[in-house]
A.B. asks: 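The structure follows.
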Protein chains: 2
Amino acid sequence: MADKISYEQIEEKFTNYLCKKKQRKTPERYALLDYIYNNEGYFSAEQIHAALQETYRVSLTTVYNTLNMLIDCNLVIRHNFDKQKAFFERAFYETPHSYFVCCKCGAVKAFTDKQIRMSIKQKNFTNFKPSHWLLYIYGECKKCKKK
Amino acid sequence: MADKISYEQIEEKFTNYLCKKKQRKTPERYALLDYIYNNEGYFSAEQIHAALQETYRVSLTTVYNTLNMLIDCNLVIRHNFDKQKAFFERAFYETPHSYFVCCKCGAVKAFTDKQIRMSIKQKNFTNFKPSHWLLYIYGECKKCKKK
DNA sequence: TTTGTTGCAAAACGTTTGCAGCCTC
DNA sequence: GAGGCTGCAAACGTTTTGCAACAAA
């Protein structure tokens with residue numbers, strides 16, 4: 001949940017994870033980490049795949065495979081805003097997020113609220129080691145209310 | 001987001017919704033509403049389908065169809081804890097929930113926290129009409145930490 | 001050289017849809 | 001009786017898996 005970490009430290013975290021698990025440091029894996037960490041916001045696997053075509057070509061299979069690793073080592077967060085597809089977002093560089101989700105059109109808007117953040121942070125967990133949290137507030141957005 | 005509502009009032013809400021939308025009041029639809037509202041917790045579509053075999057047989061298609069209606073009229077909440085499948089829960093009878101989700105084994109545990117609830121309730125939204133909220137705290141549970 | 005990785009195609013999975021027969025209204 | 005509803009089977013979109021060629025260690 002920390003902030004203020006350089007990209008070198010992020011890479012190091014991933015490298016450590018790969019070493020510990022006896023997995024290989026392939027260029028595809030680092031290309032994906034690089035993409036996620038140099039772009040703000042959340043992306044579908046398909047979007048990441050398309051974006052990577054321009055720089056270092058990676059198959060969709062490898063995108064999914066690598067995303068699962070990055071989630072496993074807490075470098076990436078998976079969002080399941082709706083039933084359809086997952087979105088992926090870097091876990092560092094931003095404080096954990098809260099989101100408005102419109103039930104009608106599916107629009108998503110991130111926001112931060114100090115009060116909410118503090119009250120969640122203060123919560124004590126016995127038998128549970130929290131890594132991150134996600135708050136979704138569902139409702140109806142301006143556009144849909146007008147209809 | 002209210003509490004203290006009788007099951008008759010829930011049924012009435014559904015009936016009103018069906019009338020307004022010019023949709024029919026079939027026994028299948030009420031069997032599903034009844035099941036969801038008389039069982040605490042969250043269930044997958046498959047679980048609801050299996051459970052209904054014992055009382056009023058309903059196809060999986062109708063289970064999905066009806067759940068989507070119940071979500072549309074805010075009587076049911078859909079959870080997307082993980083990528084796999086959705087879980088469904090009655091929207092009344094309980095205050096909106098917060099959940100621990102274990103990243104390793106997928107175990108989910110509901111909890112309530114007054115402080116958190118208050119701070120979310122106090123949040124003011126311009127251009128957005130909130131209907132409910134869901135907080136997921138991800139981490140590692142006791143069992144997985146031991147391994 | 002060994003063993004993990006890639007990328008393709010095919011499978012798997014939960015969910016939705018098309019349609020014929022059925023049931024509310 | 002008209003039109004919405006059910007349930008089956010088939011389709012759908014996202015994600016995973018099997019496998020042969022390949023590359024990191």
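In the text below, chain A, chain B and the rest are named by the order of the sequence lines, each starting its count at 1.
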A.B. asks: Quick one: L60(B) CG to dC8(D) P, roughly how many Å, whole number?
C.D. replies: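 After rounding, the reported distance stands at 10 Å.
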A.B. asks: Find which nucleotide of DNA chain C each of P27(B) and Q84(B) is nearest to by heavy atoms, and output the residue with the more 5' nucleotide.
C.D. replies: Q84(B)
A.B. asks: Would you kindly say whether S6(A) and Q9(A) are connected by a side-chain donor-acceptor distance under 3.5 Å?
C.D. replies: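 Present: a donor and an acceptor within the cut-off.
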A.B. asks: For residues 45-71 of chain A, pull every pair meeting salt bridge (Lys or Arg N to Asp or Glu O under 4.0 Å), keeping only residues two or more places apart or in separate chains.
C.D. replies: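 Salt bridge (Lys or Arg N to Asp or Glu O under 4.0 Å) check on residues 45-71 of chain A returns no pairs.
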A.B. asks: Rounding to a whole Å, what distance do you find between R57(B):CZ and dC22(C):P?
C.D. replies: 16 Å
A.B. asks: Given 3.5 Å as the limit, does a donor-acceptor pair link the side chain of R29(B) with the main chain of L70(B), or not?
C.D. replies: no
A.B. asks: Think S59(A) has a side-chain N or O under 4.0 angstrom from the OP1 or OP2 of dG7(C)?
C.D. replies: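 For dG7(C), OP1/OP2 do have a side-chain N/O of S59(A) under 4.0 Å.
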A.B. asks: Just how far, in rounded Å, is P of dA25(D) from CG of L18(A)?
C.D. replies: 9 Å
A.B. asks: So H79(B) and F81(B), would you call those rings parallel, tilted or perpendicular, with 30° and 60° as cut-offs?
C.D. replies: parallel
A.B. asks: I want to check one thing: is the phosphate of dA24(D), taken as OP1 and OP2, less than 4.0 Å away from some side-chain N or O of R29(A)?
C.D. replies: no
A.B. asks: So if I take every side-chain heavy atom of T62(B) and compare against dA25(D), dT6(C), dT6(D), which nucleotide ends up nearest?
C.D. replies: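 The listed nucleotide nearest to T62(B)'s side chain is dT6(D).
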A.B. asks: Is the phosphate of dT16(D), meaning OP1 or OP2, less than 4.0 Å from a side-chain N or O of N65(A)?
C.D. replies: no
A.B. asks: Is a donor-acceptor contact shorter than 3.5 angstrom present between the side chain of T61(B) and the base of dC8(D)?
C.D. replies: yes
A.B. asks: Without decimals, in angstroms, what is the distance between Q23(A) CD and dA24(D) C1'?
C.D. replies: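 Those two atoms, CD and C1', are 13 Å apart.
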A.B. asks: For dC25(C) and K25(B) - does any side-chain N or O of the residue sit under 4.0 Å from the phosphate oxygens OP1/OP2?
C.D. replies: yes
A.B. asks: OP1 or OP2 of dT16(C) sitting under 4.0 Å from any side-chain N/O of Y64(B)?
C.D. replies: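 Checking dT16(C) against Y64(B), no side-chain N or O comes under 4.0 Å of OP1 or OP2.
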A.B. asks: Can you find a donor-acceptor pair, distance only, under 3.5 Å between T26(B) side chain and dC23(C) base?
C.D. replies: no
A.B. asks: In whole angstrom, what separates K85(A)'s NZ from dC12(D)'s C1'?
C.D. replies: 13 Å
A.B. asks: Nearest heavy atom decides the nucleotide; on that basis, is E46(A) or V63(B) closer to the 5' end of DNA chain D?
C.D. replies: V63(B)
A.B. asks: Give the ring-plane orientation class for F128(A) versus F125(A), where under 30° counts as parallel, over 60° as perpendicular and anything between as tilted.
C.D. replies: perpendicular
